[in-house]
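Everything numeric in this text was worked out from a predicted model, so none of it was measured.
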Amino acid sequence: MKKVLTVVLGLAFAGINAQEKWSLRECVDYAVKHNLQVIQNEYSKQIQDSNLRMAQKNYLPTVSASMGNNVSFGQASLGTTSIRNDQFSNSANIGADILIYNNGRLEKTVRKTQFDVEASQYDIETIKNDISLQIARQYLTTLLNKEIVKIAQSAAENAKKQFDRAKITTDVGTTAQTVVAEAEAAWAREKQNLKTAEINVDRSLFALAQLLQLKDYKSFDVEDVEISEQLAPQMISVDEVLNTAYESQPQIKAAESRIKSAEAQTEVTKTAFWPTLTASVGVGTFYRNLLNTAYSGYDQMGNATKEPGFFQQYKDNFGQQGGLNLNIPIFNKGITKLQVEQSKINENIAKNSLEQQQQAVRQNVQQAQFDVDANYEVYLSALEAAKSSKLAMEFADKSYAAGRTTIFDLNIARNNYANAQGSVEQAKYNYVFSLKLLNFYAGIPLSL
């Protein structure tokens, strides 16, 4: 997927620092920007970008300059005699070399490096997608825990009302002391459940802050988002999702780019079988000074000639040169052939990696499809159970008020209804996440 995964919450977007509660989009945007693994892979891509620029610059000639100074002392042979030969010399040269022909090595190297850059970019997008899904799952877990807190609050309030009613009836003598004791115990249990639910919210917020790698997690909170109670079954087929996933998932794209890179590397390696033609040009000059005499030789008349000065010699000795160099490979112990075979093996490794990625995506899609179907059935069952539990609780409440059942029976009915409500919320959020995950593989951005 060439575009970075965008998580849309459907609420007004404001700056992170401008509000206390974070939206899902803010969480994802912050995570993909500050996650250390993302940053690490971005550095790796920068290296690949640099490799590409270096490969492109190989089209340019290599230019170098040199300057040398030498001094020598001693005798020099002249026929049967020897003379003193102390001298100082200086030379300056500048030259350029350029590759003219090597069966397209430079072009193939550039193409190979471009595929490496593509693969690095897809690696970054893969990590961002993984982080986004982790954030979405933990975000929904936090919302679920907040819904459970609401259920626990309602149960605690009802238990408090039951205790107040039992206390009044016990004080006037219409109910036994055990009734108020049980009502007080039930209220205490519900307060404990409420505290546990609140701690679970804090725990899920802490886990989300850890995913975001926030230093100050204590003041962190998320926006409250209402999930519809009327959930519809998904209608997308697995084959449709797989076709889209194979075409869009960045891990698939990265594996495809690495196959192309391996194939391009094989072509680069094969250029070693071909001749290499290079051209070179250069200019240079030199200066020499005999330290033991001011004369450099004799003219045609036999008169001693004075040694020219530095700049005059540089002018007189200035020269140019150019050339072509053809290097024809004949035998290098079969190393090039073995290198080509290694490149072919790397191609097979890259193709196998693509199959592994496709298999992983296929399994993830099939798992998501299974979870969607299973969680929807669990959700429908939980709704039915909650409906029945609510009806049973209402009958138990009326029976208790009429004196036909005990407070123990009423508390059991209330607990069953609270548990059923929690099961509904759990099933609902499980279904929502599995559906969003399946839609994500189908190319639909995550949203709530």
Within a radius of less than 6.0 Å around CD of Glu341, do more than 12 heavy atoms belonging to other residues, nucleotides or ligands occur?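 Enclosed.
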
With a sphere of 6.0 Å drawn around CZ of Phe286, does it hold more than 12 non-hydrogen atoms of other residues, nucleotides or ligands? no

Gln40 vs Leu36, test: side-chain contact (heavy atoms from CB on, under 4.5 Å). Steps then yes/no. CA-CA 6 Å; Gln40 182 72 22; Leu36 295 179; over 6 Å; no

Got a second to check how far [X]'s [atom1] is from [Y]'s [atom2], nearest 0.5 Å?
X      : Y      : atom1 : atom2 : answer
Ile349 : Leu354 : CD1   : CG    : 14.0 Å
Leu211 : Ile131 : CG    : CD1   : 9.0 Å
Met67  : Thr285 : CE    : OG1   : 10.0 Å
Gln421 : Lys390 : CD    : NZ    : 8.0 Å
Met393 : Asn411 : CE    : CG    : 11.5 Å
Gln358 : Arg362 : CD    : CZ    : 8.0 Å

Shortest non-hydrogen contact between [X] and [Y], atoms and distance:
X      : Y      : result
Asn145 : Asn200 : ND2-O, 3.3 Å
Ser91  : Tyr314 : C-OH, 4.0 Å
Ala166 : Val180 : CB-CA, 4.0 Å
Val28  : Ser132 : CG1-OG, 3.3 Å
Ile39  : His34  : CD1-O, 3.8 Å
Phe220 : Leu214 : CD1-CD1, 3.6 Å

Are side-chain heavy atoms of [X] and [Y] found at a separation under 4.5 Å?
X      : Y      : result
Ile135 : Leu212 : yes
Pro61  : Asp97  : no
Asp29  : Lys33  : no
Phe440 : Asn129 : yes
Lys21  : Asp224 : yes
Tyr43  : Ser120 : no
Leu144 : Gln426 : yes
Leu143 : Tyr429 : yes

Under 3.5 Å, side-chain donor or acceptor atoms of residues 254-265 against the rest of the protein: list the pairs with distances, not counting sequence neighbours.
from: Ser257; atom 1: OG; to: Glu118; atom 2: OE1; distance (Å): 3.2
from: Ser257; atom 1: OG; to: Lys253; atom 2: O; distance (Å): 3.1
from: Arg258; atom 1: NH1; to: Asp123; atom 2: OD1; distance (Å): 3.3
from: Arg258; atom 1: NH2; to: Asp123; atom 2: OD2; distance (Å): 2.4
from: Ser261; atom 1: OG; to: Asp116; atom 2: OD1; distance (Å): 2.6
from: Gln265; atom 1: NE2; to: Thr269; atom 2: OG1; distance (Å): 3.3

For [X], what residues pass the side chain to side chain contact (heavy atoms under 4.5 Å, CB included) criterion, not counting sequence neighbours?
X      : answer
Phe395 : Leu391
Gln37  : Asn35, Asn41, Ile127
Gln369 : Gln234, Val238, Asp373, Leu438
Val378 : Ala427

After noting the C-alpha distance and the side-chain angles of Gln367 and Leu437, does the key distance pass the side-chain contact (heavy atoms from CB on, under 4.5 Å) rule? CA-CA 10 Å; Gln367 182 65 53; Leu437 179 60; over 6 Å; no

So, does [X] use its side chain to make a donor-acceptor pair with the main chain of [Y] at under 3.5 Å?
X      : Y      : result
Asn243 : Asp239 : yes
Ser434 : Asn430 : yes
Glu26  : Ser23  : yes

Using distance alone, with no hydrogens and no angle criterion, decide if [X] and [Y] have a side-chain donor and acceptor under 3.5 Å apart.
X      : Y      : result
Ser219 : Asp216 : yes
Gln162 : Arg165 : yes
Asp371 : Tyr431 : no
Ser343 : Asn346 : no

Do Trp22 and Tyr139 have ring centroids that are under 6.0 Å from one another? no

Set of salt bridge (charged side-chain N to carboxylate O under 4.0 Å, His left out) partners for [X], sequence neighbours left out:
X      : value
Arg189 : Glu182
Glu347 : none
Glu198 : Lys195
Arg414 : Asp397

Name every donor-acceptor pair, under 3.5 Å, that has one atom in a side chain of residues 99-111 and the other anywhere in the protein, sequence neighbours excluded.
from: Asn102; atom 1: OD1; to: Arg105; atom 2: NE; distance (Å): 2.6
from: Asn102; atom 1: ND2; to: Pro275; atom 2: O; distance (Å): 3.4
from: Asn102; atom 1: ND2; to: Thr276; atom 2: OG1; distance (Å): 2.9
from: Arg105; atom 1: NE; to: Thr271; atom 2: OG1; distance (Å): 3.4
from: Arg105; atom 1: NH2; to: Thr271; atom 2: OG1; distance (Å): 3.1
from: Lys108; atom 1: NZ; to: Asn103; atom 2: O; distance (Å): 3.2
from: Thr109; atom 1: OG1; to: Arg105; atom 2: O; distance (Å): 2.7

Between Glu42 and Lys45, does at least one N-O distance fall below 4.0 Å, as a salt bridge requires?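 No, Glu42 and Lys45 are not salt-bridged.
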
For the pair Tyr376 and Tyr379, name the ring-plane relationship: parallel under 30°, tilted 30 to 60°, perpendicular over 60°.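 Correct class here is tilted.
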
Do the ring planes of Trp187 and Phe163 sit parallel (below 30°), tilted (30 to 60°) or perpendicular (above 60°)?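 Correct class here is parallel.
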
For residues 419-428, which residue pairs pass the salt bridge (charged side-chain N to carboxylate O under 4.0 Å, His left out) check, not counting sequence neighbours? Glu229-Lys428, Glu425-Lys428

Side-chain donor/acceptor pairs under 3.5 Å, residues 318-337, sequence neighbours excluded:
from: Asn332; atom 1: ND2; to: Thr336; atom 2: OG1; distance (Å): 2.8

